[in-house]
Amino acid sequence: MDVVFYLSGAVAIVSTLMVITRSNAVHALLYLIVSLFAVALIFFALGAPFAAALEVIIYAGAIMVLFIFVIMMLNLGIQTQTQEREWLNPKAWIGPAILSAALVCELIYALTLHKGAVFAAVEVTPKAVGIALFGPYLLGVELASLLLLAGLVGTYHLGRRDERSAAREGDAP
Amino acid sequence: MNAVQLFALTPLIVLSASSVVLMLLIAFSRRHVTVAFMTAAGLLATFLCLPAVYPDLPQQVTPLIVLDGYAVFFIGLTLAAAFALVLISYPYLQNRPGRPEEYYLLLLLASLGAAVVAASSHFAAFYIGLEILSVSLYAMIAYERWSLMRLEAGVKYLILAAVSSAFLLFGIALIYAQFGSMEFSAIAARAAEGGITALVGSAMVLVGVGFKLALAPFHMWTADVYEGAPPPVTAYIATVSKGAVFALLLRYVNQYDVLASPQVLLVLTAVAVASMVVGNLLALMQNNVKRILAYSSIAHLGYLLVALVAGGALALTVVSYYLVAYFVTTIAAFGVIAVLSTSERDAAPIDDYRGLAWRRPWLAGVFTAMLLSLAGIPLTAGFIGKFYVVASGVSSALWLLVATLAITSVIGLFYYLRLVAAMFEQVETHATAAREEPVGSFAATAVLAVLTLLLVVLGAYPAPFIRLIAATVSF
Amino acid sequence: MIDLLWLIPALPFAGFLVLILAGSRLPRIVVAVLGAGSVGFSAVVACLIGIEFISSPLVKTSFTRTVWTWMSFEGFSPSTSFCLDSLSLLMVLVVTVVGFLIHLYSVEFMADDDAYHRYFAYMNLFVTAMLVLVLADNLMLLYLGWEGVGLCSYLLIGFWYKDPVNARAAMKAFVMTRIGDTGMIVGLFLLYNSLGTLEIHELMVRAVRDWPVGSVMATVAAALLLCGALGKSAQLPLQTWLPDAMAGPTPVSALIHAATMVTAGVYLIARTHELFALAPAVQAAVAVIGVATLLVAGFSALAQQDLKRVLAYSTISQIGYMFLALGVGAWSAAMFHFAIHAFFKSLLFLGAGAIIMSTHHEQNMFRLGGLRTQLPVTFWTFLAGAASLAALPLITSGFYSKDAILWYAWSSEKGSVWLWLGGVAGALLTSIYTFRMVFLIFFGEARTKVYKRPGTAMLVPLIVLAVLSMVAGFIELPHTLGDVRLFSGYLGAVLPPVPIPPGQASLEGILGIVAAAVSVVGICLAYLLFLKVPQIADRAASTLAGRALHRLWLEGCGFDWLYQRLLVFPFVTIARINRSDFIDFFYQLAAFLAEGLHQGLSATQTGRTRHYAVGIGVGALIIIGMAVWL
Amino acid sequence: MASVPMEHGLLLAGILFGLGFLGVLVRRNIVFMLMCVEIMLNAAALAFVAAGSRWAQPDGQVMFIFILTVAAAEVAVGLALVLQFYRGFRTVDMDAADRMRG
């Protein structure tokens with residue numbers, strides 16, 4: 001299983017790199033889905049099958065679809081791609097790249113100082129997750145529902161067509 | 001969870017229930033006044049629950065939430081601020097196109113998020129509470145979505161807040177990886193072992209928290225979002241959102257004695273100094289009132305951090321008092337801006353305030369009082385707050401912080417007084433006649449009057465209130 | 001009742017708040033009721049408290065009540081406490097009662113003024129500040145009231161600020177008194193630094209305990225306090241502001257620049273008399289300054305043509321008497337003269353106001369005359385006040401209060417025959433200039449038409465004050481004349497009696513007769529010189545020496561001229577030389593630096609989200625770095 | 001079950017996090033910025049699952065579920081905002097929104 005971990009890890013890194021460098025949004029999105037699949041595999045390798053399943057179903061399956069919808073609705077066309085390519089010139093990414101690299105190096109340095117802990121080679125089953133979720137984390141679940149309510153209301157309000165003209169015409173919602 | 005614990009949870013339950021009821025109400029009736037009234041009623045009902053549950057506290061309700069005097073105090077503060085802002089928002093939204101009802105729903109949900117943050121004893125609750133708050137705020141900032149300015153502010157806040165909360169999450173994950181628990185008490189119990197993973201995690205958590213509090217160097221979003229958001233929402237971000245996060249920070253720092261670690265002390269000191277300096281310097285020559293207040297809020301959070309770093313039992317009282325004073329002042333200041341804003345644009349440029357004292361003497365008086373309080377002039381609540389902060393800093397011998405506070409306060413005085421001077425300037429009438437002046441409403445006027453009164457009373461006779469804080473605010 | 005002590009200053013303050021905030025929208029009648037009513041109500045409360053206080057055993061001690069504790073932080077708890085003892089009660093009664101009468105008078109006097117509410121707001125604020133001053137139980141609070149009355153004085157002198165002359169006068173009063181105040185605040189620092197408290201009673205106890213008589217510290221502290229007293233009470237050499245202060249409305253002159261504020265210096269010295277007793281040199285200086293002032297001001301009063309300026313110099317002179325009394329240790333005699341003076345001097349000012357109003361702002365005495373028949377009530381009341389000021393023997397209060405001072409100036413251990421002589425000469429001057437004024441205004445031929453007569457609101461205060469000026473003196477009579485000691489007995493708990501060396505007592509009667517004679521002679525001289533044969537005075541004034549003297553006295557003995565040459569001119573010259581302020585350069589540098597930093601930081605606020613994210617990243621980098629490597 | 005050291009899991013999460021952050025800094029298209037935020041959140045989730053796996057506790061996965069919820073809500077609001085943004089600014093260039101500054 002170690003192989004799965006490292007292999008998927010490599011795939012995740014490479015495909016993520018592709019995400020941030022693609023000029024075509026749909027391509028980038030597909031790479032992102034690949035990356036998410038790879039992470040799902042890693043979850044599986046780490047003994048979290050439930051998380052792996054959710055990663056595929058919700059992250060790759062639901063959230064990414066939202067992105068696709070929006071990309072389709074925007075229908076940005078070919079000149080956007082050339083535009084994206086122009087924006088991705090070395091002058092634009094060299095600074096951020098150094099900054100991010102420094103951050104990652106710092107993390108790596110700090111984490112390699114910390115030695116010895118090995119994954120407990122135990123699978124945390126969906127049942128255990130469920131018991132935790134509706135046991136100590138019960139309030140968290142309830143609050144998450146309210147979070148979704150907030151997201152729902154916000155999206156609903158923001159997503160509606162411009163109502164300034166509608167308000168002037170005086171039509172009902 | 002037993003019955004007593006469930007009872008202790010009543011305020012949060014009532015608040016959630018009010019949100020749901022409000023949602024259903026909106027589905028049936030879109031009368032603005034009814035919705036606003038129900039929102040106020042929900043907040044009031046929640047507020048009234050607080051004294052009812054207080055005698056049975058503290059109660060740990062599942063590992064996630066703890067309700068103690070401290071939480072009750074900050075939940076109460078959140079509710080009071082939200083209540084005041086409902087009253088200020090009502091006339092504001094009434095004069096504007098578009099449907100105002102969802103705003104109240106989002107405001108209730110955001111308040112719930114803030115309340116959860118203030119009462120959380122577990123990183124999971126903190127994170128979810130914070131996100132309820134943030135997600136509601138995204139929509140509230142961009143509520144008037146046809147306005148480019150609001151949209152710009154909304155998108156900026158969304159992206160930056162999401163980045164910062166990713167930092168926060170990663171930090172929590174690292175702490176969890178080190179200690180095997182996300183409960184504050186369990187972390188505190190094992191904090192002594194140290195460990196670099198947890199330290200890095202704490203630093204990343206601080207990034208997330210610092211962003212929400214607009215502490216330097218995570219402050220850069222502040223002015224843009226303050227400027228772009230509708231004034232009542234700006235007030236909400238400035239007070240409730242920051243207050244809840246600061247309450248959590250204080251709980252974490254004070255309860256679990258993380259200040260014993262020299263690194264934490266050093267980082268907090270550096271952040272406090274940077275915030276005071278950067279905030280005050282940025283505000284210095286600024287010509288946009290909303291941005292001035294944004295930068296000044298950066299500085300004020302820096303002052304608060306001084307009290308936090310000073311630590312000890314005193315910090316609790318000092319921070320609580322300072323936050324109350326800051327809430328009162330900020331809400332009233334943005335209330336004035338809200339009252340002065342037209343449906344075309346916000347009353348943000350300093351030019352809108354020139355000669356205000358002669359056109360709207362009462363509003364100018366309220367605004368002047370608030371600015372003087374922010375500047376820390378005696379007999380205002382702001383002075384007492386600052387005095388306590390300085391005193392606690394001195395008693396803990398934090399000379400660098402106290403000196404920075406003193407010097408930057410002088411800089412601060414300049415831009416507050418500059419604004420006051422602008423209001424008392426004599427201007428030609430035809431210059432101002434070009435701009436229509438909105439009329440105040442009863443609700444907003446009443447709120448401003450009460451807040452001004454509160455400001456003076458808290459500044460002139462703070463003793464009873466401080467006793468109340470000392471009696472209530474405890475873990 | 002006594003627990004309501006806080007109400008006495010609170011009532012006028014409430015009046016002030018209402019008037020300043022909403023006064024412009026209130027009808028005049030409401031403004032008048034609020035303005036005068038709040039002080040009147042305060043006077044009623046003060047009287048009730050006074051009755052209770054005097055009839056209770058408390059009169060032997062004092063009553064202190066903390067009304068407000070601002071905050072409390074680790075032992076630091078600034079609080080406001082009011083202390084009532086017989087001395088402060090006396091002041092409170094005078095301030096509220098006379099204050100109320102003057103407010104009542106103002107209702108009519110100011111009736112035509114546009115800034116009616118502003119006037120009453122300032123007046124109420126003044127009364128508040130004055131009450132805080134006298135009730136303060138510590139010097140810091142006293143200083144607050146001290147500056148408060150100074151501020152109100154400034155505002156009211158410049159009340160008609162549109163005339164630059166008035167604004168200048170206000171400025172002058174403010175600056176001159178500030179000179180004294182600066183000394184005083186240094187004195188307060190010194191006292192606090194060396195004795196560790198500013199609570200007056202405790203301060204006095206510690207001063208007596210720690211400092212021997214004549215010690216340097218006591219002398220310096222007393223001298224610094226004296227600076228403040230000199231400025232506020234318009235004594236030499238800081239007296240020049242008071243005549244100019246007459247630019248304000250006349251009731252203001254009556255209340256602030258005659259009855260109450262200018263006597264704050266007297267009150268301060270009486271309040272801290274233990275300290276002054278520890279510094280005999282300073283106390284002697286007080287007496288000498290008092291005598292010098294009363295003579296200088298007396299001569300100046302003699303030459304004035306403006307009615308109000310005569311009264312102003314007379315006030316300076318009378319306060320000189322109080323200082324003389326303080327200087328010889330006759331504390332209660334000083335306070336007695338203060339109270340009597342408050343009555344008759346405010347009466348005279350109010351009478352002057354009535355005359356000025358009746359004759360369309362004619363203040364030059366030489367253009368007035370013969371008003372006796374046209375303004376009878378004003379005449380009789382003014383005469384009562386003038387008689388009291390001139391210390392007409394036996395029937396006026398002023399006689400008894402001034403006689404006491406003269407007697408102590410001679411007989412007290414600290415007194416001397418020279419002080420007495422100065423006082424007697426001053427008494428002669430007083431009666432001459434007083435009756436010069438009376439004869440010029442009310443007798444002789446009428447030179448001005450009377451346009452309107454004062455109404456009830458103005459006459460009632462005049463009559464009440466006239467009665468007080470005549471009879472109030474009977475509560476304290478000398479040994480030779482009935483020996484009534486009500487007043488000094490009442491103040492005895494706070495102010496010790498004057499020690500009289502044995503063998504002097506027999507002189508009291510003779511000295512009293514001399515004083516009485518001097519007063520009568522002065523009146524006769526005035527009659528002769530200014531009514532009967534004015535040619536004598538004219539001829540004397542037209543000689544070379546006479547002209548010079550007249551000019552000198554008219555200009556208040558040339559102090560203004562001296563200060564202009566000695567102080568103002570050099571200072572202005574230095575200021576001109578240093579126009580491009582050298583030291584200011586450093587501050588400008590700091591401001592420049594701050595602005596530069598502002599510009600730099602401002603440039604980071606590009607408005608671009610990605611740049612802000614870079615900010616977060618850099619911050620994270622630094623903080624994680626600090627966590628890892630430190 | 002993997003027997004890799006936990007640090008490797010966290011390192012992988014860190015690298016993905018850094019890449020996501022780099023994306024936020026580099027891309028000007030808001031849709032891309034949102035995607036990169038998702039990468040960051042996902043990296044944090046990975047760190048949680050890795051940590052949970054080390055302690056053999058379900059807490060890590062519970063947090064993952066919460067993060068998932070948050071991500072969904074945030075993306076929904078974010079994308080709605082993007083649509084409005086495009087409607088208002090006629091572009092998805094985030095740098096176009098720099099009218100407020102100073």
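Only a predicted model underlies this, so the values are computations on that prediction, with no experimental measurement involved. Below, all heavy atoms of this structure are taken into account, side chains as well, without hydrogens, waters or symmetry copies. Chain A is the first sequence line, chain B the second, and so forth, proteins listed ahead of strands; every chain is numbered from 1.
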Over all atoms of both residues, closest heavy-atom pair of D:Met63 and B:Ala124: SD-CB, 3.6 Å

Donor-acceptor contact present, side-chain B:Arg145 to main-chain D:Leu81, <3.5 Å: no

Using heavy-atom distances under 4.5 Å, tell me whether B:Ala153 contacts chain D through its side chain, its backbone, both, or neither. both

Below 4.5 Å, heavy atoms only, C-beta onward: do D:Val37 and B:Leu158 meet side chain to side chain? no

Here the pair of heavy atoms bringing D:Glu74 nearest to B:Ala162 is OE1-CB, 3.6 Å

Distance from B:Thr197 atom OG1 to D:Leu10 atom CG, nearest 0.5 Å? 7.0 Å

Might you point out which heavy atoms bring B:Ala173 and D:Ala51 nearest each other, and give the distance in Å? O-CB, 4.0 Å

Distance (rounded to the nearest 0.5 Å) between B:Tyr176 OH and D:Arg54 CZ: 10.0 Å

To the nearest 0.5 Å, atom OG of B:Ser147 lies from atom CD of D:Gln84 at 11.0 Å

Residues passing the ring-ring contact (aromatic ring centres under 6.0 Å, His included) test with B:Tyr127, sequence neighbours excluded, are none

Non-hydrogen atoms of chain B under 4.5 Å away: do they reach the side chain of D:Ala45, the backbone, both or neither? neither

Which atoms of B:Phe167 are under 4.5 Å from chain D, going by heavy atoms: the side chain, the backbone, both sets, or neither? both

With chain D as the partner, which of B:Glu227, B:Met285, B:Arg291, B:Glu152 has the greatest number of non-hydrogen pairs under 4.5 Å? B:Glu152

Neighbourhood of chain B inside residues 17-27 of chain D, taking heavy atoms under 4.5 Å as contact: D:Phe17, D:Phe21, D:Val24

Spatial distance of atom CD1 (B:Ile159) from atom CE (D:Met33) [nearest 0.5 Å]: 4.5 Å

Enter the distance from D:Asn42:CG to B:Leu169:CG here, rounded to the nearest 0.5 Å. 11.0 Å

What residues of residues 89-96 of chain D sit under 4.5 Å from chain B when you count only heavy atoms? D:Phe89, D:Met94

Looking only at B:Leu151, B:Asn288, B:Leu148, the option with the highest number of non-hydrogen pairs under 4.5 Å against chain D is B:Leu148

Using a cut-off of under 4.5 Å on heavy-atom pairs, state which of B:Leu168, B:Asn287, B:Ile172, B:Val135 scores highest against chain D. B:Ile172

Atom pair CG/CZ of D:Asp59 and B:Phe123 - distance to nearest 0.5 Å: 13.5 Å

Report the C-alpha separation of B:Tyr226 and D:Met100 in whole Å, then their side-chain angles, then the decisive distance to 0.1 Å, and conclude whether the side chain to side chain contact (heavy atoms under 4.5 Å, CB included) test is met. CA-CA 10 Å; B:Tyr226 271 46; D:Met100 292 183 289; over 6 Å; no

Largest heavy-atom contact set with chain B, pairs under 4.5 Å, which of D:Ile30, D:Asp98, D:Leu46: D:Asp98

Minimal non-hydrogen separation, D:Ala44 against B:Ala166, with atom names: CB-O, 4.3 Å

Kindly list each side-chain donor-acceptor pair under 3.5 angstrom involving residues 105-115 of chain B, sequence neighbours excluded, with atom names and distances?
| unit_1 | atom_1 | unit_2 | atom_2 | d |
| --- | --- | --- | --- | --- |
| B:Ser111 | OG | B:Leu107 | O | 2.8 |
| B:Ser111 | OG | B:Tyr236 | OH | 2.8 |

Short side-chain to backbone donor-acceptor contact, D:Trp55 and B:Phe179, under 3.5 Å: no

